[in-house]
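See below for the structure under consideration.
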Number of protein chains: 2
Amino acid sequence: MTSRQDLFDTLAQVGKALGSGHRLILLERIAQGEASVETLASAADLTVGNASAHLQHLRRAGLVTATRSGKQMLYRLTDQRLVTLMSLMREVAETNLAEMERLVSRLFAEKNADGALEAVSRDELLAGLKTGSVALLDVRPENEFAAGHLPEAINIPLEQLESMLDELPRDREIVAYCRGPYCVLSHEAVQRLRKLGYRVRRFDEGFPEWKAAGLPVH
Amino acid sequence: MTSRQDLFDTLAQVGKALGSGHRLILLERIAQGEASVETLASAADLTVGNASAHLQHLRRAGLVTATRSGKQMLYRLTDQRLVTLMSLMREVAETNLAEMERLVSRLFAEKNADGALEAVSRDELLAGLKTGSVALLDVRPENEFAAGHLPEAINIPLEQLESMLDELPRDREIVAYCRGPYCVLSHEAVQRLRKLGYRVRRFDEGFPEWKAAGLPVH
DNA sequence: CCAACATTCTAATGATTGTTAGAATAAAAC
DNA sequence: GTTTTATTCTAACAATCATTAGAATGTTGG
């Protein structure tokens, strides 16, 4: 009867791997596209050594793979289903953990002055894109945009937002997106663009969720 | 920037809760229907005190709730999505962890003498039920059957299999199911019934997966 | 081959978790 | 009210995990 226990212990490795905030942040970044240890360490605010250790952990649990490219190791997700898995975790947590709501609103607190929290759902966005009534804005850094983005999205990394305003339409609503539901970039963008008088809302989800849903990407 | 970390740490509580073989076994049992601490402790082969501690852990992570019923506390899942979450974990683990395959086949090794591992998929089962070409056999204990089962299933708990053979048809194929993909009951049943000359296969999944898929239950 | 760089490994530390046995609590039965 | 039964809490210990600093490995570019 111990082989049953072994099986569940091995399955639990996947859970364990998902059981650390630092690793979830690493995964959020990896889901944007392959990245080096240093990139990942800085995204998660970890020392390189520590990030490497967490990445080994994720690797042993079968969640990421690494390939060498020159001097760097590039980590990527083994499986698109992980994005779905993490979305489900998020939904379960938001539904059943009272604390989550508080933390989400705190994270976006200062960015929610004038209703910037109201998000566009996937269906709304799809409808808007079909009729051409919205322009899509990707505010992630350039290299993440290059690794994959929503069709017809314009890339203006958040740092360059004010200097690239001429790329944005005035006559249509703008929908901004970034890495995912817990990424602050699009919130920040919405806040800043609203101050400048743009009609802009953020998209509910990010690039990984869009891709995992089987929707077309570029 | 620490509120972002807090958010992911809280989300990670869900992962942590899923990061223990003992807790996954508890959840497999809870997914069959509400159960007392003692029932759960014996299902997971834990002392009652230890099981209680794990259940508190699951509770804090928002995965289960408890209500008192007389002397007993009854634990149940907070959320049907957890069954989907665990199925996804299983798929990811089976796809990406080589060890899983070995462990699954070891768990069912002795029960796979004559191809008893070949399972019926959900679609096959649905088709067979529609045409009336299969009889459904639920080999879980009586109380789990009573808490919910697939429509038209006959309940013969594994221990009573040989003494209740007259409930089983000889002219149709029998499909046996139990708690889920890693439950040995239906395997054992298939093996024993085949020795007796019955035409019988097992169902891929269990009652919780069927229910979580939104299919009708009784 | 050497120097520079990216990553992983090692060893040591502190923090967290799992487990047990036994005490405390809470409801039910008498 | 006292006893019984089910569960949770407490304290203690062992085991596991996260983190850091620094050494070791492997790759690139001279």
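Protein chains get the first letters and strands the later ones, always in sequence-line order, with residue 1 at the start of each. As a basis for the values below, the full set of heavy atoms in this structure was taken, side chains included, without hydrogen atoms, waters or symmetry mates.
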Value in whole Å for how far the P atom of C:dA6 lies from CG of A:L74: 13 Å
Boundaries of the chain A footprint along DNA chain D (any atom under 4.0 Å from a heavy atom): D:dC17 to D:dT28
N/O (side chain, B:H54) to phosphate O (OP1/OP2, C:dT19) under 4.0 Å: yes
A:E101, CD atom: more than 12 neighbouring heavy atoms under 6.0 Å: no
d(CG, A:L40; C1', C:dT8) in whole Å: 15 Å
Spacing between B:M73 atom CE and C:dA26 atom P, to the nearest angstrom: 12 Å
Length of the CG-P vector between B:L46 and C:dT19, whole Å: 7 Å
Residue whose closest nucleotide on DNA chain D lies nearer the 5' end, A:H22 versus A:S69: A:H22
Any donor-acceptor pair under 3.5 Å from A:Y75 side chain to A:T67 backbone: no
Backbone of B:T39 reached by a side-chain donor or acceptor of B:S36 within 3.5 Å: yes
Distance in angstrom units between A:L58 CG and C:dT8 C1', rounded: 15 Å
5'-most by nearest nucleotide on DNA chain D - A:H57 or B:V37: B:V37
Residue met sooner reading DNA chain C from 5', once A:R59 and A:K71 are mapped to nucleotides: A:K71
Sidechain N-carboxylate O distance under 4.0 Å for B:R122, B:E209: no
Length of the line joining B:Q72:CD and C:dA26:C1', which is rounded to integer Å: 14 Å
Distance, rounded to the nearest Å, where A:E34 contributes CD and C:dT7 contributes P: 12 Å
Phosphate OP1/OP2 of C:dG18: any B:R23 side-chain N/O under 4.0 Å: yes
C:dA6 phosphate, OP1 or OP2, under 4.0 Å from A:Y75 side-chain N/O: no
Cationic tip of B:R202 above B:F108 ring, under 6.0 Å, 45° of axis: yes
Below 4.0 Å: OP1/OP2 of C:dT8 and any side-chain N or O of A:Q56: yes
Residue pair A:R201, A:E118: steps toward the salt bridge (Lys or Arg N to Asp or Glu O under 4.0 Å) verdict: CA-CA 7 Å; A:R201 285 187 293 166; A:E118 279 169 40; 5.4 Å; no
Value in whole Å for how far the P atom of C:dT19 lies from CG of B:L55: 12 Å
B:R192 (side chain) donor-acceptor with B:L158 (main chain) under 3.5 angstrom: yes
